[in-house]
Amino acid sequence: MKDHHKYPIIFTGSILIVCLAVFGAFKLFDYYSSEDTPPPQWEGKSKDQNWKVVFKKHDDHSKYEGDLFWIGSKENIEKTYLEQLVVKYDDEIELDSKNEIPMKDYSGGTTKNGDLNEESVSFLAFTELSQLEGRTITAYIKWRQGNKSYDTRFTLEKKS
């Protein structure tokens, strides 16, 4: 009669082990499938092919950050200055920066002292994904090269 009582305990234990194994398999699948899918990012280039804006997930935290790159000719980079950067989400202005920035300091390479230059001008750090999803992101850039002023406007597209 003692053997008769062992079967329900063995049966219940077996079901518990199977449930834990299935749960663990789902967790592993979810972990590895999320690693394979890169987070979304938004990119746009100016029509004159001088500027590029990228919104991507920051490496050090889970928030998003914008980067403005000079992708034009490096020939006149010493005379190239960013005068204004405006970023809009739909029709709402999220950033309107009017600081004059010498692009030679943000075009990569090294300084005369041998220090590394930044590759881009960073902006809107710690942006939530929910602020970007489903919205039209537009960049307006006002800049000058020597005595000539220019401006450009373009929309960023979501890349997955």
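For the numbers below, each heavy atom of this structure counts, side chains included, while hydrogens, waters and symmetry mates do not.
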>> Given Val121, which partner from the list Asp105, Leu68, Asn99 fulfils the side-chain contact (heavy atoms from CB on, under 4.5 Å) test?
In response: Leu68
Contact summary for [X] and [Y], nearest pair of heavy atoms:
| X | Y | value |
| --- | --- | --- |
| Phe154 | Ser46 | CD2-CA, 3.6 Å |
| Asn50 | Ser73 | OD1-N, 4.3 Å |
| Gly108 | Glu119 | CA-OE2, 3.5 Å |

Pairwise distance [atom1]([X]) to [atom2]([Y]) - rounded to 0.5 angstrom:
| X | Y | atom1 | atom2 | result |
| --- | --- | --- | --- | --- |
| Ile141 | Asp151 | CD1 | CG | 10.0 Å |
| Thr152 | Gln49 | OG1 | CD | 10.0 Å |
| Glu75 | Thr80 | CD | OG1 | 10.0 Å |
| Thr138 | Glu92 | OG1 | CD | 12.0 Å |
| Lys56 | Leu132 | NZ | CG | 14.0 Å |
| Leu124 | Tyr89 | CG | OH | 4.5 Å |

Is there a chain of hydrophobic side chains (I, L, V, M, F, W, Y, each step under 4.5 Å between heavy atoms) that links [X] to [Y]?
| X | Y | value |
| --- | --- | --- |
| Leu129 | Phe55 | yes |
| Ile71 | Val54 | yes |
| Tyr64 | Leu95 | yes |
| Val86 | Ile101 | no |
| Ile93 | Phe123 | no |

> Using a side-chain heavy atom cutoff under 4.5 Å and only I, L, V, M, F, W and Y, what cluster partners does Leu20 have?
Replying inline: Leu16
> Backbone N or O of Thr136 within a donor-acceptor pair of the Asp90 side chain at under 3.5 Å?
Replying inline: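 Yes: the side chain of Asp90 pairs with the backbone of Thr136.
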>> Taking CG in Asp91 as the centre, count heavy atoms belonging to other residues, nucleotides or ligands within less than 6.0 Å. Is the count above 12?
In response: no
>> I'd like to know whether NZ of Lys74 has more than 12 heavy-atom contacts from other residues, nucleotides or ligands below 6.0 angstrom.
In response: yes
> Restricting to pairs with a member in residues 122-133, which pass salt bridge (charged side-chain N to carboxylate O under 4.0 Å, His left out), not counting sequence neighbours?
Replying inline: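 Qualifying pairs: Lys63-Glu128, Glu133-Lys158.
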>> So Leu82 and Trp70, do their side chains get closer than 4.5 Å, heavy atoms only?
In response: no
> Which residues pass the side-chain contact (heavy atoms from CB on, under 4.5 Å) test with Glu100, sequence neighbours left out?
Replying inline: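 Glu100 satisfies side-chain contact (heavy atoms from CB on, under 4.5 Å) with Tyr81, Glu83, Arg144 once adjacent residues are dropped.
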> Of Tyr150, Tyr106, Tyr140, Trp143, which meets ring pair (Phe, Tyr, Trp, His ring centres under 6.0 Å) against Trp51?
Replying inline: Trp143
